[in-house]
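Below is one structure; the comments refer to it alone.
Count residues from 1 along the sequence. Start at 1 and go down the list; that is how both ligands and their atoms are numbered.
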Amino acid sequence: MKNPKTAVIVVSKLNLDLAVLVLKKIENCQIHGLNIIDAEVDVTFKNLAKHIQLLQKEKTNIIAICSIPIIIRSLEGKLPKKHNGSCIVALSPDGKYTVPLLDTHSGANELATKLATILNSKPVITTQSDTFLGVSPDNPPPGFVLDPDCNYKEFISALLDRRSLKNVPAYSWLKSKKIRVSGSSKLEIKFSINSSIKPNKELLVYRPQKLIIGIGTVSGASYVKLKKLVLDTLEKKDLSIHSVKAIATIDLKKNERAINKLGQYLNKPIIHFKASELNKISPQLANSSEYVFRTVGSHSVAEAAALVAAGKSSKLIVEKNKSAEATCAVACSRQVIKNLPSTQNGTLSIIGLGPGSDAWRTIEVNNILDESTHYIGFSGYLDQIKKRRNKKYYRYPIGQEEERALKAISLARQGNNVALVCSGDPGIFAMGSIVYEILDNEENETDIDIKMTPGISAFQAASAKVGAPFGNDFCIISLSNLLTPENVIIDRLHAALKGDFVLGIYNPTSSKRKYFFKTVLDHIQSVRSSDTPVVIAKNVGRKKEFIQCLKLREIKSDSIDMFTVLIIGSSQTKSFTKNKESTNVYTPRGYKLEKNRGIA
Ligand code: SAH
């Protein structure tokens with residue numbers, strides 16, 4: 001299956017036991033429950049339709065324990081593209097039937113069958129090819145691509161009609177007892193890397209992905225000329241672009257626009273290798289150059305990169321082909337290439353968008369967003385970035401921080417430029433520390449470049465809206481009890497209160513822990529004067545921004561939500577209102593200023 005994340009959706013408490021059974025057996029699975037269910041689930045949602053649509057966007061597989069009509073209505077006709085990476089399986093509430101509903105050939109049939117084995121139930125497979133032919137030809141395994149020029153519908157309906165093929169398919173995933181082999185059949189399946197083998201309505205052609213294009217260029221090479229060199233090379237050698245798994249080059253070319261643009265145009269990943277890795281296969285090169293060695297540190301770029309990427313059993317099938325600005329070579333692996341080798345050159349930038357508005361985002365962050373090819377983050381944060389073309393988005397719900405970090409690290413290890421997107425500052429109650437923790441716990445050496453880029457944190461943004469409340473020593477405390485036990489939070493709060501620090505309070509509340517904010521407030525009110533200036537700052541820099549300056553005694557806990565940061569003054573913090581509209585809050589640094597000195 002392409003995406004192992006799975007959500008088991010429950011809309012009634014009655015289905016929880018069944019959901020837990022599924023949870024135990026399917027990896028990377030979570031229970032998502034309608035919020036009216038009063039039970040412990042991993043994720044709650046209010047609106048089934050919106051939630052299903054969100055999960056589909058996030059490419060999460062769905063096992064819905066509810067009636068099929070409810071699911072159909074929830075989709076509201078808004079179907080994602082076929083094979084988008086999220087499939088839907090309905091599970092009857094008695095656990096007796098599993099029904100693949102959407103993206104049957106991209107995981108749903110497989111998931112329903114797996115689920116049926118787990119639950120000892122029956123998968124209700126409704127796709128024609130599986131039912132009558134026993135195979136699903138439009139869902140080849142990794143490493144094979146059905147040539148997009150195939151007239152699949154026509155071919156498959158003829159095959160369903162005649163149930164016979166002219167030849168025995170070369171791979172077991174296409175063999176079935178339900179299909180006869182008969183010399184008189186006109187229907188044929190071929191596997192070929194050669195573009196001259198073209199599909200037609202009686203010929204289905206699969207492209208085994210065995211090829212790697214190696215490229216080297218001068219700096220600032222022309223994209224148009226590079227594209228022509230590569231396409232001409234493939235054409236001359238009768239090689240299909242669909243058999244190409246990736247483009248490979250040297251790490252110095254990570255920001256080479258022509259290569260990156262070609263990767264986007266051909267929709268192929270680009271992998272970069274260090275010169276030291278390229279040098280390892282020097283004996284296999286057809287062309288080795290001292291000049292190239294002196295310039296970039298390896299005796300070849302195009303040939304070497306193609307060979308390294310195609311793996312040990314590979315051969316050079318197109319030697320270095322040259323234009324004035326670029327070189328191109330093609331290596332062919334003996335087997336199909338399912339996974340590309342990991343390179344040591346990916347970059348993982350952990351970036352902070354700031355609180356919300358574009359003006360409060362650093363230039364460096366904007367540059368990284370331009371340069372990165374893969375964006376990973378909570379979907380709400382990714383929505384804050386202007387949509388850019390040719391970027392891959394990996395949207396995650398709240399709560400899947402570890403999954404996000406692991407995905408970001410793994411994409412960077414594949415040689416991608418990845419931006420792990422956080423709000424505010426990435427090092428403050430955000431993804432930075434989890435990435436470092438994962439890397440610290442790994443046995444092997446860190447093989448990716450990590451770049452941490454600061455952003456304006458919520459407390460700084462809130463502070464700027466009212467004055468300078470953090471003008472003297474302060475403590476920032478998160479009230480989230482998910483990772484820190486409540487008694488530890490309260491102990492730290494008391495230490496900060498005792499030290500008379502100004503407090504910045506993050507994650508003050510959530511729907512599940514409203515009570516805790518009340519407890520915290522009681523503790524603060526028992527130590528600090530009721531006149532202490534307080535700032536409630538909600539959605540700072542975003543559309544629904546709301547800033548309120550008041551006194552400690554005036555805080556109402558129900559006016560606080562999870563988009564709020566709170567500032568609680570120290571005994572020194574002051575507030576004043578010079579005009580009716582705005583109150584300012586500040587904490588003196590300790591200068592002994594003269595009163596009314598008069599500034600001309
Ligand atoms: N890395 C972020 C913090 C993420 S933790 C930062 O540096 O700002 C999430 C908490 O941050 C929220 O519960 C809220 O308390 C606070 N927060 C983040 N953005 C905010 C904003 N625009 N306005 C008010 N509070 C915000």
Side-chain angles (χ1 to χ4, degrees), residues 349-362 364-365 368 375-385 396-402 404-405 408 419-437 452-467 469-470 474-484 486 489 492-493 496 502-514 516-517 520-521 524 534-550 555 557-568 585:
S349 304
I350 311 171
I351 63 172
L353 294 181
S357 70
D358 289 353
W360 280 358
R361 192 164 300 158
T362 66
E364 186 178 40
V365 163
I368 290 175
Y375 295 172
I376 300 186
F378 163 55
S379 33
Y381 300 157
L382 293 183
D383 289 342
Q384 282 176 32
I385 312 171
Y396 282 79
I398 267 184
Q400 294 192 347
E401 284 78 19
E402 192 179 343
R404 256 182 265 172
L420 181 55
V421 179
C422 306
S423 83
D425 182 274
I428 298 180
F429 307 130
M431 297 298 299
S433 51
I434 184 161
V435 169
Y436 286 105
E437 197 176 340
M452 196 69 185
T453 309
I456 296 176
S457 190
F459 82 96
Q460 294 167 291
S463 158
K465 290 280 170 184
V466 296
F470 295 103
F474 60 88
C475 277
I476 300 292
I477 299 181
S478 163
L479 299 192
S480 171
N481 58 2
L482 292 177
L483 302 166
T484 311
E486 286 176 8
I489 299 176
R492 289 181 185 163
L493 176 73
V502 177
L503 302 179
I505 297 191
Y506 278 60
N507 298 302
T509 184
S510 78
S511 56
K512 278 194 192 159
R513 53 178 167 86
K514 286 211 170 338
F516 188 51
F517 181 71
V520 167
L521 194 57
I524 298 175
V534 163
V535 181
I536 295 178
K538 259 187 224 183
N539 285 309
V540 187
R542 300 180 189 149
K543 265 190 198 148
K544 294 181 185 163
E545 179 179 281
F546 171 81
I547 313 280
Q548 196 182 21
C549 300
L550 64 178
I555 301 189
S557 53
D558 52 9
S559 66
I560 311 295
D561 63 18
M562 61 190 287
F563 307 107
T564 308
V565 67
L566 276 155
I567 303 173
I568 315 275
V585 180

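- Applying the side chain to side chain donor-acceptor pair (under 3.5 Å) rule to Glu364 yields the partners Lys451; only residues at least two apart in sequence or on another chain are considered.
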(message) Run the side-chain contact (heavy atoms from CB on, under 4.5 Å) test on Lys544 and Phe563 for me, step by step, so that the C-alpha distance in whole Å, both residues' side-chain angles and the decisive distance to 0.1 Å come before the verdict.
(response) CA-CA 10 Å; Lys544 294 181 185 163; Phe563 307 107; over 6 Å; no
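- A distance-only check finds a donor-acceptor pair linking the side chain of Gln460 to the backbone of Ser457 [under 3.5 Å].
- The side chain to side chain contact (heavy atoms under 4.5 Å, CB included) test applied to Phe378 returns Tyr381, Ile398, Arg404, not counting sequence neighbours.
- The salt bridge (Lys or Arg N to Asp or Glu O under 4.0 Å) pairs that include a residue from residues 457-467 are Lys465-Glu545, where partners are two or more places apart or lie in different chains.
- Closest of all the heavy-atom pairs between Thr564 and Pro508 is O-CD, 3.1 Å.
- Annotation: ligand 1 has protein neighbours Pro355, Ser423, Gly424, Asp425, Ile428, Phe429, Ala430, Ser457, Ala458, Tyr506, Asn507, Pro508, Ala537, Asn539, Val540, Arg542, Met562, Phe563, Thr564, Val565, each with a heavy atom less than 4.0 angstrom from the ligand.
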